Structure formats: C-alpha cells, structure tokens
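Structure record follows, encoded as structure tokens.
This structure is a prediction, so every number in the text was calculated from the model and none was measured. Reminder, nothing fancy here: chain letters follow the sequence lines and each chain counts from 1.
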Protein chains: 2
Amino acid sequence: MTTTSNPSGRARGNVVTITDVAKHAGVAASTVSYVLSGKRTISATTRARVMASIRTLGFHPHAGARSLASNKANVIALALPLRPGMHLPILMQFAMAVLTGARSVEHDVLLLTADEGAAGVRRIAGSALVDGLILMDVETHDPRVPTLLELDRPSVLIGLPASADGLTCVDLDFAAAGAACVQHLAALGHQEIALLGAPQVVYDRDTGFARRTRDGVMEAARTAGLTAVARPCEPTYAAALEALRSVPHATGLIVHNEAAVDHVLTALRELDRRVPDDVSVVAICPDEIAERATPALTSVPIPASEVGRRAVELLMAKLDGVTVPNVTLLAPNLTVRSSTGPITH
Amino acid sequence: MTTTSNPSGRARGNVVTITDVAKHAGVAASTVSYVLSGKRTISATTRARVMASIRTLGFHPHAGARSLASNKANVIALALPLRPGMHLPILMQFAMAVLTGARSVEHDVLLLTADEGAAGVRRIAGSALVDGLILMDVETHDPRVPTLLELDRPSVLIGLPASADGLTCVDLDFAAAGAACVQHLAALGHQEIALLGAPQVVYDRDTGFARRTRDGVMEAARTAGLTAVARPCEPTYAAALEALRSVPHATGLIVHNEAAVDHVLTALRELDRRVPDDVSVVAICPDEIAERATPALTSVPIPASEVGRRAVELLMAKLDGVTVPNVTLLAPNLTVRSSTGPITH
DNA sequence: GCGGGTTGTCGAAGCGCTTCAACAGTACGC
DNA sequence: GCGTACTGTTGAAGCGCTTCGACAACCCGC
C-alpha cells in the first residue's frame, strides 16, 4: 500500500511532482520548469532528457501550485445566460467556440450561470480561479457590468451594453447587417422597404442591437433613395399580421426577430402575399431558422462561432497586456436563399 | 498609482490575503482559516471580528493557494458530449442541474468537450484542477472509461457503459420505464404490444439503455400475459412505416426513439390508424417532444434534472470517502396525455 | 591567455493557504 | 489548591510550482 490516506478522503494519489521529474532527469526543479515554459534557453540534450522523464513518470503540473506561483490560472470563466427563450443551438455554438478557442491557447473554461449574477462574477474573479471572463448575451443595462468595471480582471462581453466605456465588446455589426439587407433588396429593384424588428419594449430599453439594426436600415435606405419604415413587432401571429397590414405597399421585408419569423411568414400567407413573388423577405437570424423556413429565407446569420473565437482572442490579448478596441463589430454576411427575388409589377 | 505592474500583464491586483485579514482583526492567520473552514472551535467574538474584517477588506481566498494547501480544488469537471443529433434542451437540463447542484455545495464546474476525449480527462485529472468529474452521455464502450479507471479521481457517469465495475453510474431505469409503459397499456386493455426502439446499430453495439428498455418491455409483457414484439426503428419516415406495417395487430405502441416519434405519428396517420382510438402510443422521450406532438403523447420522460442532481450528490459522496452504489437507476414516471386510451373493438 | 559577453543550470525565496502540534487560559472535580 | 480536561488561539511547516539572481563554463577578439 503506497497511498497515504489523508483526512479529506480526496486522492492525494502518488502525485508526481516537478521535483520527482528533476531527480529522475538529474537536473534542478527550476530547469524542469524552464523546459516546460521555455522562458530560458535550455540545451537540446537537457530538454530531451527532461521531456523523457516527464513522459515516463507521467508528470502533470499541479494547477493550483502553478496558479499560486505564477499568478495565472490558465482558466477563463464563461457566463452562460440561459434565460428562457434563448435560442439554444446558437448559444451552444457560442459556448463551443469559446471552449475550443480557449483550449487552443491552453486555457480551460469554467462555467458560470447568469443567475449567480454580479455575485458570481465577484466570487470567481476574487478567488483568482480564473484569469478573465467572457460574458455572453450582455444586456443593455446588465447588472454585472458595474461589478466587472470595479474588478480588475480582464473581461470580454458578447453583445453591447449601453456604454462600452472601459469594456471590451464583440458582436455582429447589426447596422451593417441592416444595410446589407437593404442593399440586397435595392439591387433586386425594391423601392419600399419595411423593417419588422424587435418588440417595442426592446427599443424602449434602448437595446443596442435592435436600435443599431434600425439605424443601419434607415441610413442605407436613405442612401439608396428608397423609402423605408420600421415597425416593432411582438413575436405573435396577431402582431405580425398587424405590422404587415400597416405596410401594405412594402415589397421588401426585413425581419429582425427570430421569434417572429414564422409568424410573419404565416401572416403573409394569410394575406395572400406570396414570397418571393409579391414580397421579398430577408431575415436577420440563425441560419438554422432561415433554412427550415418555407421558403428558405435569404438571411444574415449571427456568426456565433466567429464571435466566440474573437472573444477568446480579445481576452487573451488583454491578458497579455495588449490594448484592444472597446468594440469589435463583425461584418455581416448575407446568404441568398429562396425568399428574395426581383420585383415583379 | 497603487498597482504594481507585473511581467505577465495579468492583474496581481492589490489582492487581500489571509494575513491582511488576520492583521486587521488582530489574530493569527490560522485563526482566520479556522473561522472560514469551521474545523476548529472559535469563540463567537473572535469569529465576529474576523468576519467583519473579511467583509471590510473584501477578502476572497485564493483558489490556487487553497487547492495547493488543502488538496481540494472545489471544482468538478463536466464532460459535455455535443455529438450531432443530441437533443440540446435535454443536454442543457443535465448541465444546468449539475451546475446548480455543484454550486449548492460550493463547487464550480469546469467544462470539458467530448472531443478532447481520454486525453482531456487525463489532463484535467492529472493537473488537480478538479476534484472529480462527471461524464455525460457515456457510450457502452466509451474510450474515456479505461482512462477513468486508471486515474484515481472520483467520477460519476451519466449513462451506463458495458460494465459498471469500479465506476459510479446514474441513469433512468429504462427497464422499469419499459415495464411502466406495458403496465399502462395493459391496464387499458391492450393485448398486443409493439416496441419501436432504437435503430438496429444501437442494439448491435449492445448499447445499455436500448437493450434494457426492450428487456423491461418483454419481461413486463410476459408477466402481464400480453404478446409483445420489439422492432428496431431508424429515424426515418420509411422505416417507421415499415416497422408499423410489420405489427398490424398491435394496439399498444411503445416508442423509444426521440428522433422517430414524429415519423411514427405521421406514418400512423398515413395508415389511417387513429391515435388513441385505433392504437395507443406511449413514448419514452423528453416531455417537450411528448407535449408538442399531435396528439400530446403519454410518455415516460428522461428526468434530466434529477439525474444531474444525483450525479453531483454521488460525486460529493465519493469525494467524502463514502462508498456509493455502482449503479443508481431512477424510477420512471409515466405521464398520461392524450395518446393512450382504452381499447375499442 | 585575458577581459567581456553568452549560454545553460542551479539554489533559494516565496506565492497564499491549511493543518498540526503546542500551549496558555479557564473550569471543574476532589 | 492540585491535577485533569477542555477551549481557543498561535506559530511554523509545507503544499508544488515559478522566478530571480548567481554563477560556472564556454566562446570570442585581441
């Protein structure tokens, strides 16, 4: 029996330490450390010997000890929202992108739920368990943001709060997305454009992405010499119907409301406006939704993987002391499907 | 400027240490530690003074230091599968249950992807970053299991591999679930029962849950004196149709195949067998799917939250050195909806 | 063949915490 | 008033790692 029992019942195991490796290789512990970190030049022969010992002994540096000594945990926190109504596949895409991004730079990911809120952020950051955090689905007036600012752990937000001062945010460039939709419709000859957006409350809260899309649409329409109107839209059939009735002459429709897409399509069918013959529809929504709609929708997808990847990159840059822009907006990418076509009088 | 810059660029911050707290409260550092852990009796007055200092200074114990000294990280790893075709909502339910369960016992959760596989398990366990691991969606011959066995970190599997020797597994009791379906149908007067199960390959792989359901169904049917047949079923319309045609006289149908549920219902409609007038259908599937089917299906749900909670409980028990059963099977819970009714000749 | 740079390695200090053995102080039974 | 038994607190050791300064050993130009 070589295992020494310990009070906690947790396995101390016969943990191989850096000293064991050093002895086995006939060098100092610090040399092993330098082999591992590459922070000092080590001769090829020594390195080889050390690496061999590491392998034969099965050495894994103790994360706690490392974090204590180096002040780096090599772990980042990911705050998942999981509010009801979130679109799970997209969420997972974000999360997976963050995970693989982190792993590719030797970092692990600690999961944080949103309902821990600011307290969770404070706890995690305070304990030095993580080097930095990524917050997903940040709201305009997110209660965690003030906490984030007073803490001095680097962080990256996915989404845009009311003010990006002192923060680092990544998101799709919704203004450009709106503009891209307009330009696509304009190129097809459409003159009257309507944006069916988020519910009114979202605008009232001054939520960044909804407002930015609207501004992008209006501005692009003005530039292209088109008429455009914007209508908030609740995610219900009745609301979709009403919104559509209020824009009877629009031949180009931009729908920026995942939850309302289906209702809008149903309402159009009800109103006998055929897609794309009578009216062209562009959606700003996950590819998934656009693809399984009937007809498949021309859309600007939310580039979840790209955003997740960028978030990690930005966080790593901050951890390395590099100054990064407060706001990173990703260029939209319009995919043409069957819901848009040239105008037919 | 009070912050001292450090080479890494990572914030050392003006971290409050246990010594700072001790000084502030006029006690020894060890006393503070004992106040926090409760492992020794501390007078009420001292405790109060220490707690006050902790609060005013905003002290958070350094996770790395703690893990180094105590050999406990207070972190568990959660290995998420995310194979294509996984039912995301269920997955998230599992994950959230694990998360909240862990948090309720002061543990954090580190996310591991399945595609890191055995290497990921080894890395995480070896580095002492986590105290134990929970693996979701374990396959019958999961490549991570051997690694798990040779490591000496406690772990809990959600699902059942081929052999549970030396492991701890939690899952729904699929045999009992199958039996419950049979008993429900028997009580309604059905004499001929058919199980539409997983695709053939799943049985060929000797996958635990599929086999267990089938055995449960067959055994319960025998006991109740009913005739029962089992048919594997691909998740396609054609396969569902063919399977149904092969059991023309069955009036009680048990569907244990999330992905095939809709196809089966469509096929029944096509065959002009009305539900529940001509044939009663019980599904073993997430509530979600059962509820949004037409008609709403009587079903035995997969109790994801319960399983997640139990997994954490079991892991904590193991961490405390308590011996736990190798296999924990949760009792099924049949919910009656509109897809089953008394037999009508 | 002697200063002045590199290069490769080492020993020791110290990161912030837990835990152990030790020890004052108080309480109590006799 | 003495031993015995707690109770509450302490100082020191040590967890496994990184990092700093020191220092041999070597190479070079002269």
Establish whether the base of dC20(D) is bridged to the side chain of Y34(A) by a donor-acceptor pair shorter than 3.5 Å. yes

Let me have the donor-acceptor pairs involving side chains of residues 305-314 of chain A, under 3.5 Å, with sequence neighbours excluded, atom names and distances please.
from: S305(A); atom 1: OG; to: Q93(A); atom 2: NE2; distance (Å): 3.4
from: E306(A); atom 1: OE1; to: R309(A); atom 2: NH2; distance (Å): 2.8
from: E306(A); atom 1: OE2; to: R310(A); atom 2: NH1; distance (Å): 3.2
from: R309(A); atom 1: NH1; to: E313(A); atom 2: OE2; distance (Å): 2.6

Integer-rounded Å distance: dT18(D) C1' and L68(B) CG: 12 Å

Those residues at least two apart in sequence (or on a different chain) that pass salt bridge (Lys or Arg N to Asp or Glu O under 4.0 Å) with D20(B) are none

Does D108(A) reach the main-chain N or O of V75(A) with its side chain, forming a donor-acceptor pair under 3.5 Å? no

State whether T46(A) places a side-chain N or O below 4.0 Å from either non-bridging phosphate oxygen (OP1 or OP2) of dG8(C). no

If each of T45(B) and A65(B) is mapped to the nucleotide of DNA chain D with the nearest heavy atom, which maps nearer the 5' terminus, i.e. the 5' end? T45(B)

Nearest non-hydrogen partners of V121(B) and L148(B), listed with the distance: CG1-CD1, 3.6 Å

Does the pair S43(A) and T46(A) meet the rule for a side-chain hydrogen bond (donor to acceptor under 3.5 Å, both in side chains), with working shown? CA-CA 5 Å; S43(A) 70; T46(A) 306; 2.8 Å; yes

Between protein and nucleotides 24-27 of chain D, what N or O pairs are separated by less than 3.5 Å?
none

Taking only heavy atoms on the protein side, list every residue of residues 36-44 of chain A lying under 4.0 Å from any atom of DNA chain C, sorted numerically. R40(A), T41(A), I42(A), S43(A)

List for me each residue that meets salt bridge (Lys or Arg N to Asp or Glu O under 4.0 Å) alongside R40(A), sequence neighbours excluded, and say none if there are none. none

Mind checking side chain to side chain donor-acceptor pair (under 3.5 Å) for T168(A) and listing every partner two or more places apart, or none if nothing turns up? K318(A)

Show, in sequence, the C-alpha distance, side-chain angles and deciding distance for T56(B) and S53(B), and conclude whether the side-chain hydrogen bond (donor to acceptor under 3.5 Å, both in side chains) test is met. CA-CA 5 Å; T56(B) 65; S53(B) 299; 5.3 Å; no

Heavy atoms within less than 4.0 Å of DNA chain D: which residues of residues 16-30 of chain A have one? Give them sorted by number. T17(A), I18(A), S30(A)

Which residues share a salt bridge (Lys or Arg N to Asp or Glu O under 4.0 Å) with R47(B), sequence neighbours left out: none

Set of residues satisfying side chain to side chain donor-acceptor pair (under 3.5 Å) with respect to T147(B), sequence neighbours excluded: none

Angle separating the five-pair end axes of the helix from dG1(C)-dC30(D) to dG29(C)-dC2(D), nearest 10°, is 40°

For residues 159-172 of chain B, pull every pair meeting salt bridge (Lys or Arg N to Asp or Glu O under 4.0 Å), keeping only residues two or more places apart or in separate chains. D171(B)-R212(B)

Salt bridge (Lys or Arg N to Asp or Glu O under 4.0 Å) against E150(A), all qualifying residues, sequence neighbours excluded: R122(A)

When you measure from the side chain of T31(A) to the backbone of V27(A), do you find a donor-acceptor pair of N or O atoms at a distance under 3.5 Å? no

